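Positions are given from 1, in the same order as the sequence printed here. Quantities reported herein were computed from a predicted structural model and do not represent experimental measurements.
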Amino acid sequence: MKQLVDFLPVFAFVGVYVFTDIFVATAALMATAVLQFVIFRIKGWPVSRQMSVVIWAALISGGLTLILQDKTFIQWKPTIMYWIMGGAIIGSRYVGRGDHIQRAMGKMLELPDATWARLTFGWGAAMFVAGVANLAVAYGFSEQAWVIYKFVSAFGIPLVLTLGSVAYLAATGQLAGEIEEAE
């Protein structure tokens, strides 16, 4: 249920876009971002800092898109979010409570600090590349192609990063101990 609510704004944006245009889809994105926040509060689920930033980015970029009738703002939103996330992931190695990737996956894996650092920089770099890819699609292809890319990348990028991390850990022999312990 929570996973479905996490992706509700993306589903709404793409679903509404299919039947209308980017401006109505942007309004749907904004409305469902607020609805997502409300659902999290009602259910008592924690609203992460990342989710708060994503909601505010949707409201600000969506608002500018609608007020100025310029799709550029909503098309830049994923890039800005990817770059913020990439910076936050890499910055977490140096500021705050420690490595974000290690906090997210450390309950499942026990790895040396050097491996956590490689995963962190890999994920951070991938976020920066995803931001550039979003702009390449937004400016190099049709609006429809960008909407499809936005939908696919919302699910595909985390999946590719997770599978890439698992493949890296398996290739370096760092998963073998974890798998044996799980069995």
From CG (D113) to CZ (R118), nearest 0.5 Å: 10.0 Å
Interatomic distance, F13 atom CZ to I74 atom CD1 [nearest 0.5 angstrom]: 6.0 Å
Transitive ILVMFWY side-chain link F128 to F121, under 4.5 Å: yes
Test item: M127 and I90 side chains (from C-beta on) under 4.5 Å apart, heavy atoms: no
hydrophobic_cluster_shared for V129 and L163, side chain cutoff 4.5 Å: no
Any donor-acceptor N/O pair, W116 side chain to L111 backbone, under 3.5 Å: yes
Aromatic ring pairing F7/F155, orientation class (parallel under 30°, perpendicular over 60°, tilted between): tilted
Contact summary for I157 and A130, nearest pair of heavy atoms: CD1-CB, 3.5 Å
Separation between CZ of R93 and CD1 of I101, rounded to the nearest 0.5 Å: 10.5 Å
Could you list the donor-acceptor pairs under 3.5 angstrom formed between side-chain atoms of residues 21-37 and any protein atom two or more places apart in sequence or on another chain?
unit_1, atom_1, unit_2, atom_2, d
D21, OD1, F23, N, 3.0
D21, OD1, V24, N, 2.9
T26, OG1, I22, O, 2.6
T32, OG1, A28, O, 2.8
T32, OG1, L29, O, 3.2
Q36, NE2, V5, O, 3.1
Q36, NE2, D6, O, 3.1

Closest non-hydrogen atom pair between Q144 and Y17, with its separation: CG-OH, 3.3 Å
P78: which of W83, Y149, W146 passes side-chain contact (heavy atoms from CB on, under 4.5 Å): W146
Which atom of F141 lies closest to which atom of A136, heavy atoms considered: CD1-O, 3.9 Å
Between NZ on residue K77 and OG1 on residue T79, distance to nearest 0.5 Å: 10.0 Å
Using atom types as modelled, flag every donor-acceptor pair under 3.5 Å from a side chain in residues 38-62 to any protein atom, sequence neighbours excluded.
unit_1, atom_1, unit_2, atom_2, d
S48, OG, M51, N, 3.0
S52, OG, S48, O, 3.2
S61, OG, A57, O, 2.6

Check: Q174 and P112 side chains under 4.5 Å, non-hydrogen atoms: yes
Single-linkage hydrophobic cluster, 4.5 Å side-chain cutoff, V16 and V14 together: no
Non-hydrogen side-chain atoms of F73 and I80 separated by less than 4.5 Å: no
Spacing of T72 atom OG1 and Y139 atom OH [to the nearest 0.5 Å]: 4.5 Å
Gap between atom CG of D70 and atom CD of Q75 - 0.5 Å precision: 8.5 Å
Polar side chain donor-acceptor pair, W76 to N134, under 3.5 angstrom: no
